[in-house]
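This report concerns only the one structure given below.
Side chains included, hydrogens not; waters and symmetry mates left out as well; all remaining heavy atoms used. In what follows, chains carry the letters A, B, and so on, assigned in the order in which the sequence lines appear, proteins first and then strands, with residues in each chain numbered from 1. Since this is a predicted model, take the numbers as computed values, not measurements.
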There are 2 protein chains.
Amino acid sequence: MGQPSLQLDIHVKHSDIFQALIKDQLVSDPASARGRLLAEAATLFRDKGYERTTVRDLAAAVGIQSGSLFHHFRTKEEILKAVMVETIRLNTAVMQAAVEGETESEAKLRALIRAELESINGKTGEAMAVLVYEWRSLSEVSQTEVLALRDVYEELWLTVLKRLKNEGQLNADVFIARRMLTGALSWTVTWYKPERGGLTLDGLTDQVMALLGFGGAAGAPE
Amino acid sequence: MGQPSLQLDIHVKHSDIFQALIKDQLVSDPASARGRLLAEAATLFRDKGYERTTVRDLAAAVGIQSGSLFHHFRTKEEILKAVMVETIRLNTAVMQAAVEGETESEAKLRALIRAELESINGKTGEAMAVLVYEWRSLSEVSQTEVLALRDVYEELWLTVLKRLKNEGQLNADVFIARRMLTGALSWTVTWYKPERGGLTLDGLTDQVMALLGFGGAAGAPE
DNA sequence: ATTTACAAACCAAGCGCTTGCTTGGTAATG
DNA sequence: CATTACCAAGCAAGCGCTTGGTTTGTAAAT
């Protein structure tokens, strides 16, 4: 399978990127009060939905009184927004590293798919799910604000897809292809359970590539 | 449920199927009080989400007092469930007709994709979006109940995909392919706006087929 | 080393409002 | 003349958030 991993040392570690972002104050340290709060919020928002999660639920999960939450955030919505903003920041950095780690277009695409699948189904999965499925719960002003951040992220995808299209390796329209991929990949959060079925993230990536007509015949995984 | 109805005139009309289901009491007549209520509920649930929609909102949209809702449904959740159940019933029937209207595997797949895109983005779109994105708001008992109905629907897809795989026209795993398609197609509800961009449902179907490597080079739609 | 000063982090209590839903009665329908 | 459809009013519970006061961490001043 075409995946060289550490080629010289181009592949930057996930955790290294994370540390750098914490240092720059772009995401909160999960050890800090704010960081723990956001992590719990992400889990709760994904499991029960933003609206069904009360500030009392969240406070109990963190181990403080409900009123004390408002020392850290002014409103409940601000918590949701913070989860989304920090998630986008982290993932943009991760995806950027993923693209830059490869040279060929097909490899870049694979790296992007693999990275997004990891974002969705890995440690940041809760937050990613919130980002995708709790969109409507943001106020309109917050929505446009978050949307601006997403554009950077989306540009990464479009650049790679455009290259593939020019090279004749992609038939469909670039924007539509990206949107289809967004849907398909984010939907995995509802069904992909690595512990059962024995399908790894790499295996899943292979399947997506196979569906798009890349990488020849990939056999059945089961 | 399996009624093939008249299959000389192969393409059964959407509206004919609808009428038949109403007659069998499997979905409510949109002219009835219950039917209007469910239609309004679907719209509101999609636009604002189930939790953000209050019984007062819903009652106002229908033009009655909030308490009067509970003459038709015992709880708010029962309304959500009814929207979902009736949507699945209708769409299962529509999809069944779509598959039976074609003979070749590729054509069957195209018909399924086209039909699901229409379900999602057409008149039943509100209800479909609710079905997909308000899943968590159902109680667990209701979830399993609705899930059983979905299985029939899903079987239609899997049968066609299996045939394609046997014929060597599909590389990826059948179950995974279906799940990817579910995500990709249902996600269209968030971005596909037929009025702008000039992309028709048929055009969109072509794009999906092109992404899967079918139907040769489909040019850019824009 | 102990005191002083001060802000950040948190608690206990509860306010004002909205929520889903109930109740007892009235109007329409067939 | 009973059944169905609705209204007017409101209840109990839960909601996001505020308030006033107490603890805790930190660092300079004594």
Side-chain angles (χ1 to χ4, degrees), chain A residues 22 25 28-84 130 134-143, chain B residues 22 25 28-84 130 134-143:
Chain A
I22 292 173
Q25 305 254 40
S28 348
D29 190 336
S32 73
R34 184 188 156 99
R36 260 182 296 119
L37 211 154
L38 288 180
E40 290 289 355
T43 308
L44 284 171
F45 289 168
R46 187 196 53 174
D47 290 348
K48 327 199 334 174
Y50 171 76
E51 300 289 343
R52 287 180 101 92
T53 304
T54 69
V55 292
R56 286 167 181 83
D57 289 338
L58 181 50
V62 183
I64 57 176
Q65 290 296 108
S66 67
S68 306
L69 281 181
F70 297 91
H71 172 72
H72 301 277
F73 298 90
R74 275 179 308 179
T75 63
K76 184 187 171 191
E77 198 217 333
E78 203 174 78
I79 300 176
L80 176 62
K81 190 174 145 191
V83 169
M84 292 185 170
V130 170
E134 298 295 337
W135 190 251
R136 278 173 319 190
S137 296
L138 274 185
S139 70
E140 274 193 49
V141 260
S142 300
Q143 278 191 23
Chain B
I22 292 173
Q25 305 254 38
S28 347
D29 190 335
S32 73
R34 184 189 156 97
R36 258 180 298 119
L37 212 154
L38 288 180
E40 290 289 354
T43 308
L44 284 171
F45 290 167
R46 187 195 53 173
D47 290 348
K48 327 202 330 176
Y50 171 77
E51 298 292 341
R52 287 179 101 91
T53 304
T54 69
V55 291
R56 286 167 181 82
D57 289 338
L58 181 50
V62 183
I64 59 176
Q65 291 296 106
S66 68
S68 307
L69 281 180
F70 298 90
H71 171 72
H72 299 277
F73 298 91
R74 274 179 309 179
T75 62
K76 184 188 172 191
E77 198 216 336
E78 203 173 79
I79 299 176
L80 176 62
K81 189 172 145 191
V83 169
M84 291 185 170
V130 170
E134 298 297 336
W135 191 251
R136 279 174 319 190
S137 296
L138 274 185
S139 70
E140 274 194 51
V141 260
S142 300
Q143 278 190 25

- Message: Rounded to whole Å, how long is the line connecting atom CG of B:Leu69 with atom P of C:dC21?
- Response: 10 Å
- Note on the structure: Walking DNA chain D from its 5' end, the first of A:Glu77 and B:Ile64 to be reached, judged by nearest nucleotide, is B:Ile64
- Task: Could you tell me the separation between the NZ atom of A:Lys76 and the P atom of D:dT18, rounded to a whole number of Å?
- Result: 14 Å
- Query: Has A:Ser68 got a side-chain N or O lying under 4.0 Å from the OP1 or OP2 atom of C:dC11?
  - Reply: yes
- Would you state whether a donor and an acceptor, one from the side chain of A:Arg56 and one from the base of D:dG16, lie under 3.5 Å apart? yes
- Query: Can you tell me how far NZ of A:Lys76 sits from OG of A:Ser66, rounded to the nearest 0.5 angstrom?
  - Reply: 12.0 Å
- Message: Distance check needed: C:dT18 C1' versus A:Glu51 CD, whole Å only.
- Response: 13 Å
- Query: Within the structure shown, what part of the strands sits under 4.0 Å from A:Ser32 by heavy-atom distance: base, sugar-phosphate, or nothing?
  - Reply: nothing
- For atom CZ of A:Phe45 and atom C1' of D:dG16, their distance in whole Å: 12 Å
- Whole angstrom is fine here: how far is it from CG in B:Leu58 over to C1' in C:dG20? 12 Å
- Rounded off to whole Å, could you give me the CG-to-C1' distance for the A:Leu80 and D:dG16 pair? 15 Å
- Message: Just to verify, what does B:Arg52 make a salt bridge (Lys or Arg N to Asp or Glu O under 4.0 Å) with, not counting sequence neighbours?
- Response: A:Glu51
- Task: Would you check if the side chain of B:Ser32 reaches a backbone N or O of B:Ser28 as a donor-acceptor pair within less than 3.5 Å?
- Result: no
- Task: Using a 4.0 Å heavy-atom cut-off across all strands, classify A:Ser66 as base, sugar-phosphate, or nothing.
- Result: base
- Query: Within the side chain of A:Arg36, is there an N or O that forms a donor-acceptor pair under 3.5 Å with the backbone of A:Asp29?
  - Reply: no
- Item | Rounded distance in Å - CD (B:Gln65) to P (D:dA8) | 5 Å
- Item | Gap between atoms NE2 and C1', on B:His71 and C:dT23 respectively (whole Å) | 15 Å
- Item | Nearest-0.5 Å distance, CG of residue A:Leu58 to NZ of residue A:Lys48 | 10.5 Å
- Would you tell me if any nitrogen or oxygen in the side chain of B:His72 comes within less than 4.0 Å of OP1 or OP2 on D:dT4? no
